[in-house]
Amino acid sequence: MFHHLEKSITEAFAALLEARYGVAIAWGTEQPKQAAFGELAVPAAFQLARTLKKPPRAIAQEIVDGLGAVPGVAALEIAGNGYINVRFDRGSYGEAVLRGDGDASRSSGGKLIVEHTNINPNKAAHIGHLRNAVLGDTFVRMLRFTGNQVEVQNYIDNTGVQVADVVVGFRFLEKKSPAQVRELIAGTRFDYVCWDLYAKVSQHYANSEEAKQWRARTLHAIEANEGELAELGHLVADAIVRCHLNTMWRLGIAYDVLPRESEILHMQFWAKAFEQLKERGAIYLETEGKNQGCWVMAATAFKEQSEEGDSKVIVRSNGTVTYVGKDIAYQLWKFGLLGKDFRYRRLQQEPYELWVASGEGEEKAFGRGSRVYNVIDSRQSYLQDVVVAGLRALHYEEQAKNSIHFSYEMVALSPRACADLGIELSEEDKRKAYVEVSGRKGLGVKADDLLDKLIEKAYEEVQSRNGDQPEDRNRAVAEQIAVAALRYFMLKFTRNTVIAFDLQEALSFTGETGPYLQYAAVRASKILAKLADRGGAMPDFAALLPREAFARQLGDEELWQLLLEASKMESAVERAVGSGEPSHVARFAFQLGQAFNTFYQKYPVLDEPDAERRAFLLWMTAYFRSQLERTLRVLGIQAPEYM
RNA sequence: GCGCCCGUAGCUCAGUUGGAUAGAGCGUCUGGCUACGAACCAGAAGGUCGCAUGUUCGAGUCAUGCCGGGCGCACCA
């Protein structure tokens with residue numbers, strides 16, 4: 001509701017400023033520093049003071065006089081040096097919230113594509129991957145909440161070096177046949193087995209020339225899709241993808257489609273992109289220097305300052321394409337610009353509808369987005385710049401502008417967390433503020449381990465408070481709490497903050513955490529449940545609470561502030577979409593939880609003797625619960641029935 | 001060397017695109033369960049917003065320069 005009224009007030013101001021001063025820009029509104037100043041502050045007079053050469057206060061007075069009555073506004077006050085503070089008409093505001101004004105989400109233009117997760121399918125997912133997936137999934141939920149059509153893609157690099165490394169481990173170090181690997185897949189935590197094997201292989205490379213040849217051979221076999229090595233590659237990648245999908249689904253994370261590197265390769269996506277790039281002069285064949293014989297893109301395309309002859313290799317001198325080249329082809333496909341498409345087959349084992357790219361199968365309308373968000377960590381910003389430059393060099397200016405690198409900083413481990421996890425650190429690492437996770441060194445926290453640990457801890461808590469409930473029910477609640485704790489922890493930091501992962505902090509259920517939010521929602525539900533227990537029915541709020549009743553009840557300053565906070569949910573999500581910051585939704589959710597807990601503490605709803613007040617407090621409770629649950633849903637957190 | 005990011009309370013972090021008296025969680029200290037469940041609430045202590053210039057009515061926020069830290073800058077992905 002808040003954003004609804006805010007918008008109409010902003011428009012009223014803008015119309016007046018336009019008519020009176022010929023200023024076309026709609027000055028934004030702000031939150032007053034103190035709640036006592038009112039609900040909105042308009043600083044327009046400050047900006048106008050410069051051009052009009054008049055004191056801001058005098059201008060503010062002119063604006064207020066000229067504006068007259070604005071619907072929904074009780075008073076306009078001039079404060080400080082020239083702020084115009086707006087006070088809402090509380091009665092009509094309450095009535096409008098009850099009616100549900102402004103709750104409907106608007107829909108916008110074309111389809112948005114969000115690509116996230118993108119984990120190499122060669123080992124278990126770790127906390128770094130979790131940040132990517134949770135950020136991406138939450139952003140998707142935010143976009144959908146604000147009425148956008150969104151397609152979620154999870155790109156699978158099933159033919160890359162990392163998969164090859166694990167195949168090398170199975171085939172050459174452990175001498176395993178495809179049949180034996182199949183047994184491992186069926187009988188073990190296969191992603192965990194590969195986690196260890198990958199670290200072992202990486203170590204082996206350091207002192208073995210022979211191993212490096214194994215790698216080259218394996219990579220070639222996988223790319224050509226021939227022989228036992230290629231078979232092993234498929235086995236490993238497909239099995240690990242399934243593990244990743246399971247891990248992510250535990251957190252409520254789902255995808256629409258899995259484009260795969262193998263199809264990009266075998267369906268000649270690159271060849272098509274290569275034609276375009278050559279044709280339009282986006283890349284050229286280098287004839288001299290260190291990159292002689294390579295097709296390169298000039299650095300001037302993607303760098304502000306670049307040295308003479310500086311360039312990025314797209315096609316190697318041996319004719320093979322680099323990762324960036326493939327990524328350009330893939331990005332073109334996402335916008336429907338490639339002139340080629342995948343076929344798809346449905347993955348039957350998944351609990352939701354999911355399609356995977358395939359050489360043959362059904363045609364589907366995936367891709368063809370109007371805007372593309374790539375959730376990729378900030379270390380790859382250079383490569384993302386090159387991809388965008390590729391589009392620009394092909395004269396796809398519009399699509400280049402709509403290619404958004406949704407970047408985030410890495411998750412590292414605090415030295416204390418390493419100690420907690422029994423990870424040995426070098427003297428150098430111990431002195432650092434944090435230590436980078438490394439799959440090659442096997443250094444990190446597996447996503448499922450962390451989740452299991454959280455569930456175990458949550459279960460103890462739930463069990464101690466709800467010993468009378470059936471065990472499986474408590475178990476389900478514990479899982480919801482663990483997911484909330486984990487997701488909230490990943491979301492509470494802004495994207496460009498390096499998270500120094502601390503196990504003890506991540507395991508905490510008190511303070512600014514997911515469970516805190518769930519607890520507020522549970523408390524709200526409990527009041528309403530208790531009402532039913534005592535034989536009371538939910539009143540007809542519309543009949544009991546006319547505008548005058550709202551005006552009376554909301555005369556209580558504290559209750560007014562609480563209602564105001566709850567009604568800001570929609571505008572909080574919209575602002576967060578605008579700034580591209582899921583953490584803003586998380587932060588709002590926490591404030592909302594705090595507001596409800598204050599309400600809960602101060603106003604005993606069911607014991608309220610006055611009939612109108614009781615109805616009002618009950619309505620507030622129901623409204624709070626609804627807003628809390630809606631916000632949690634955007635964060636991908638469930639509200640348990642009890643906890 | 002070049003590019004990007006960061007430096008705010010003891011610790012971990014916010015700060016709504018330049019606005020009014022810089023906030024939260026954790027930790028510390030004090031108080032609150034005869035319950036709509038205390039995974040909570042109320043309160044206290046805690047700040048030279050890295051340093052220095054500048055821009056203007058106004059700077060944690062913008063510019064420049066330093067200091068300190070991180071990450072990139074492959075014919076790897």
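Chain identifiers are assigned alphabetically (A, B, ...) following the order of the sequence lines, protein sequences preceding nucleic acid strands; residue numbering begins at 1 within each chain.
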Visitor: Rounded to whole Å, please give me the gap between OH in A:Tyr155 and C1' in B:rA77.
Guide: 10 Å
Visitor: So A:Gln162, base contact, sugar-phosphate only, or nothing? Heavy-atom distance under 4.0 Å.
Guide: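 Nothing, no nucleic acid heavy atom in range.
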Visitor: Just compare B:rA20, B:rU16, B:rC75 and give me whichever is closest to any side-chain atom of A:Ala41.
Guide: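 From the listed options, B:rA20 comes nearest.
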Visitor: Report, one pair per line, the protein and nucleotides 69-72 of chain B atoms (nitrogen or oxygen only) whose separation is under 3.5 Å.
Guide:
| from | atom 1 | to | atom 2 | distance (Å) |
| --- | --- | --- | --- | --- |
| B:rG70 | O2' | A:Tyr434 | OH | 3.4 |

Visitor: Looking only at atom C1', what distance separates B:rA14 and B:rC67, rounded to whole Å?
Guide: 25 Å
Visitor: If I pick the C1' atom on B:rA24 and the same atom on B:rG43, what distance separates them, to the nearest angstrom?
Guide: 16 Å
Visitor: Given the C1' atoms of B:rU21 and B:rC66, what is the spacing between them in whole Å?
Guide: 32 Å
Visitor: Under 4.0 Å between a side-chain N/O of A:Asn120 and OP1 or OP2 of B:rA77, yes or no?
Guide: no
Visitor: On a whole-Å scale, what distance lies between the C1' atoms belonging to B:rG27 and B:rU12?
Guide: 11 Å
Visitor: Rounded to the nearest angstrom, tell me the gap between atom CZ in A:Phe596 and atom C1' in B:rC41.
Guide: 13 Å
Visitor: Should the heavy atoms of other residues, nucleotides or ligands under 6.0 Å from CD of A:Gln203 be counted, would the total exceed 12?
Guide: no
Visitor: How is A:Asp165 classified with respect to the nucleic acid when contacts are heavy atoms under 4.0 Å: base, sugar-phosphate, or nothing?
Guide: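 Contact class for A:Asp165: none.
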Visitor: Check this for me: A:Lys457, atom NZ, are more than 12 non-hydrogen atoms of other residues, nucleotides or ligands nearer than 6.0 Å?
Guide: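 Counting other residues, nucleotides and ligands, NZ of A:Lys457 exceeds 12 neighbours.
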Visitor: Please work out if A:Leu383 contacts a base, only the sugar-phosphate, or nothing of the nucleic acid, heavy-atom cut-off 4.0 Å.
Guide: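 If one applies the 4.0 Å heavy-atom cut-off, A:Leu383 turns out to touch a base.
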Visitor: Can you measure A:Tyr516 atom OH to B:rG25 atom C1' for me and round it to whole angstrom units?
Guide: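 Rounded to whole Å, this separation is 10 Å.
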Visitor: Output the rounded distance in Å from CZ (A:Arg465) to C1' (B:rA38).
Guide: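 Between C1' of B:rA38 and CZ of A:Arg465: 9 Å.
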Visitor: Rounded to whole angstrom, note down the P distance from B:rG10 over to B:rC4.
Guide: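 The same atom, P, in both gives a distance of 32 Å.
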Visitor: Distance criterion of 3.5 Å, no angle test: do you see the side chain of A:Asn85 paired donor-to-acceptor with the base of B:rA20?
Guide: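 Present.
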Visitor: Considering only nitrogen or oxygen atoms on both sides, find all protein atoms under 3.5 Å from nucleotides 21-23 of chain B and state each distance.
Guide:
| from | atom 1 | to | atom 2 | distance (Å) |
| --- | --- | --- | --- | --- |
| B:rU21 | N3 | A:Gln34 | NE2 | 3.0 |
| B:rU21 | O4 | A:Gln34 | NE2 | 2.4 |

Visitor: Between B:rA59 and B:rC51, how far is it from one P atom to the other, in whole Å?
Guide: 16 Å
Visitor: How many whole angstroms separate atom CG of A:Asp468 from atom P of B:rG37?
Guide: 13 Å
Visitor: Between the side-chain atoms of A:Ser317 and the base atoms of B:rC75, is any donor-acceptor pair under 3.5 Å?
Guide: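 Yes.
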Visitor: With sequence neighbours left out, write down each residue that passes side chain to side chain donor-acceptor pair (under 3.5 Å) with A:Ser583, or none if nothing qualifies.
Guide: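 Testing A:Ser583 for side chain to side chain donor-acceptor pair (under 3.5 Å), a comparison that skips the adjacent residues, returns A:Glu581.
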Visitor: In whole angstrom, give the distance that lies between atom CD of A:Glu261 and atom C1' of B:rA77.
Guide: 9 Å
Visitor: Using the test ring-ring contact (aromatic ring centres under 6.0 Å, His included), find all partners of A:Phe509 that sit at least two apart in sequence or belong to another chain.
Guide: none
Visitor: According to the Watson-Crick and G-U wobble definitions, with both distances under 3.5 Å, which nucleotide is paired to B:rG1?
Guide: B:rC73
Visitor: Hey, does A:Gln292 reach any base, or is it just sugar-phosphate, or nothing, if we go heavy atoms under 4.0 Å?
Guide: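 Base contact.
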Visitor: If you pin A:Gly289 and A:Gly578 to their nearest nucleotides in RNA chain B, which one's is more 5'?
Guide: A:Gly578
Visitor: Taking 4.0 Å as the cut-off, does a side-chain nitrogen or oxygen of A:Gln594 come that near to OP1 or OP2 on B:rG25?
Guide: yes
Visitor: Roughly how far, to the nearest 0.5 Å, is the CZ atom of A:Arg440 from the CD atom of A:Gln162?
Guide: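 One finds 5.5 Å between CD of A:Gln162 and CZ of A:Arg440.
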Visitor: Are A:Tyr459 and A:Asn474 close enough, and set up right, to give a side chain to side chain donor-acceptor pair (under 3.5 Å), and what steps lead you there?
Guide: CA-CA 7 Å; A:Tyr459 182 73; A:Asn474 281 351; 5.3 Å; no
Visitor: Roughly how many Å apart are B:rC57 and B:rC71, using the C1' atom of each and rounding to a whole number?
Guide: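 Between the two C1' atoms, the distance is 40 Å.
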Visitor: B:rC5 phosphate, OP1 or OP2: any side-chain N/O from A:Asn496 under 4.0 angstrom?
Guide: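 So the side-chain polar atoms of A:Asn496 never come under 4.0 Å of the phosphate oxygens OP1 or OP2 of B:rC5.
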Visitor: Please classify the glycosidic conformation of B:rU17 as syn (within 90° of 0) or anti (everything else).
Guide: syn
Visitor: Could you please name the partner base of B:rG60, counting Watson-Crick and G-U wobble pairs only when both distances are under 3.5 Å?
Guide: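 Paired with no nucleotide.
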Visitor: Below 4.0 angstrom from OP1 or OP2 of B:rA77, is there any side-chain N or O of A:Tyr323?
Guide: no
Visitor: With a 4.0 Å cut-off on heavy atoms, is A:Asp502 in touch with a base, just the backbone sugar-phosphate, or nothing at all?
Guide: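 Counting heavy atoms under 4.0 Å across all strands, no contact is made by A:Asp502.
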Visitor: Starting at atom CZ of A:Phe501, determine the distance to atom P of B:rC26, rounded to an integer number of angstrom.
Guide: 18 Å
Visitor: Any sub-3.5 Å donor-acceptor pair from A:Arg215's side-chain atoms to A:Val168's backbone N or O?
Guide: no
Visitor: Are any of the side-chain nitrogens in A:Glu574 or A:Lys7 under 4.0 Å away from the carboxylate oxygens of its partner?
Guide: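 Answer for the salt bridge query: no.
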Visitor: Using whole Å, what does the distance between atom C1' of nucleotide B:rA39 and atom CD1 of A:Ile637 come to?
Guide: 14 Å
Visitor: Does B:rA24 pair with anything, Watson-Crick or G-U wobble, both distances under 3.5 Å, and if so, with which nucleotide?
Guide: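 Checking every strand shown, B:rA24 finds its partner in B:rU12, with both distances under 3.5 Å.
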Visitor: I'd like to check the side chain to side chain donor-acceptor pair (under 3.5 Å) partners of A:Glu557; sequence neighbours left out, ordered by chain and number.
Guide: A:Arg90, A:Gln561
Visitor: What distance separates A:Leu285 CG from A:Thr287 OG1, expressed to the nearest 0.5 Å?
Guide: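 If we round to the nearest 0.5 Å, A:Leu285:CG and A:Thr287:OG1 are 7.0 Å apart.
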Visitor: Enter the distance from A:His405:NE2 to A:Tyr382:OH here, rounded to the nearest 0.5 Å.
Guide: 14.5 Å
Visitor: Count the heavy atoms of every other residue, nucleotide or ligand shown that sit under 6.0 Å from NZ of A:Lys212, and state whether that count exceeds 12.
Guide: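 Yes - once you tally the heavy atoms of other residues, nucleotides and ligands closer than 6.0 Å, there are more than 12.
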Visitor: Measuring only the C1' atom in each nucleotide, how far is B:rU61 from B:rG23? A whole number of Å is fine.
Guide: 15 Å
Visitor: Got a sec: does the CD of A:Glu77 have more than 12 other heavy atoms crowding it under 6.0 Å?
Guide: yes
Visitor: Listing time: all N or O pairs from protein to nucleotides 29-36 of chain B that are below 3.5 Å?
Guide:
| from | atom 1 | to | atom 2 | distance (Å) |
| --- | --- | --- | --- | --- |
| B:rC36 | O2 | A:Leu606 | N | 3.2 |
| B:rC36 | N3 | A:Val605 | N | 2.8 |
| B:rC36 | N4 | A:Tyr600 | O | 2.6 |
| B:rC36 | N4 | A:Tyr603 | O | 2.5 |
| B:rC36 | N4 | A:Pro604 | N | 3.3 |

Visitor: Which listed nucleotide (B:rA39, B:rU17, B:rU12) is nearest to the side chain of A:Glu461?
Guide: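 Taking heavy atoms from C-beta onward, the closest nucleotide is B:rA39.
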Visitor: With a 4.0 Å cutoff (strictly under), does any side-chain N or O of A:Thr497 reach OP1 or OP2 of B:rA14?
Guide: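 Result: yes.
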Visitor: Across all strands, who's sitting opposite B:rA42 as a Watson-Crick or G-U wobble pair, both distances under 3.5 Å?
Guide: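 B:rA42 is paired, partner B:rU30.
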Visitor: So what's B:rC51 paired with, Watson-Crick or G-U wobble, going by both distances under 3.5 Å?
Guide: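 For B:rC51, the partner nucleotide comes out as B:rG65, under the 3.5 Å rule.
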Visitor: Any side-chain N or O of A:His405 under 4.0 Å from OP1/OP2 of B:rC4?
Guide: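 No, outside the criterion.
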Visitor: Run the salt-bridge test on A:Asp377 and A:Arg131 with the 4.0 Å N-O cut-off and return the result as yes or no.
Guide: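 Not counted as a salt bridge, because no side-chain N and carboxylate O are separated by less than 4.0 Å.
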Visitor: Are more than 12 heavy atoms from other residues, nucleotides or ligands located less than 6.0 Å from atom CZ of A:Arg57?
Guide: yes
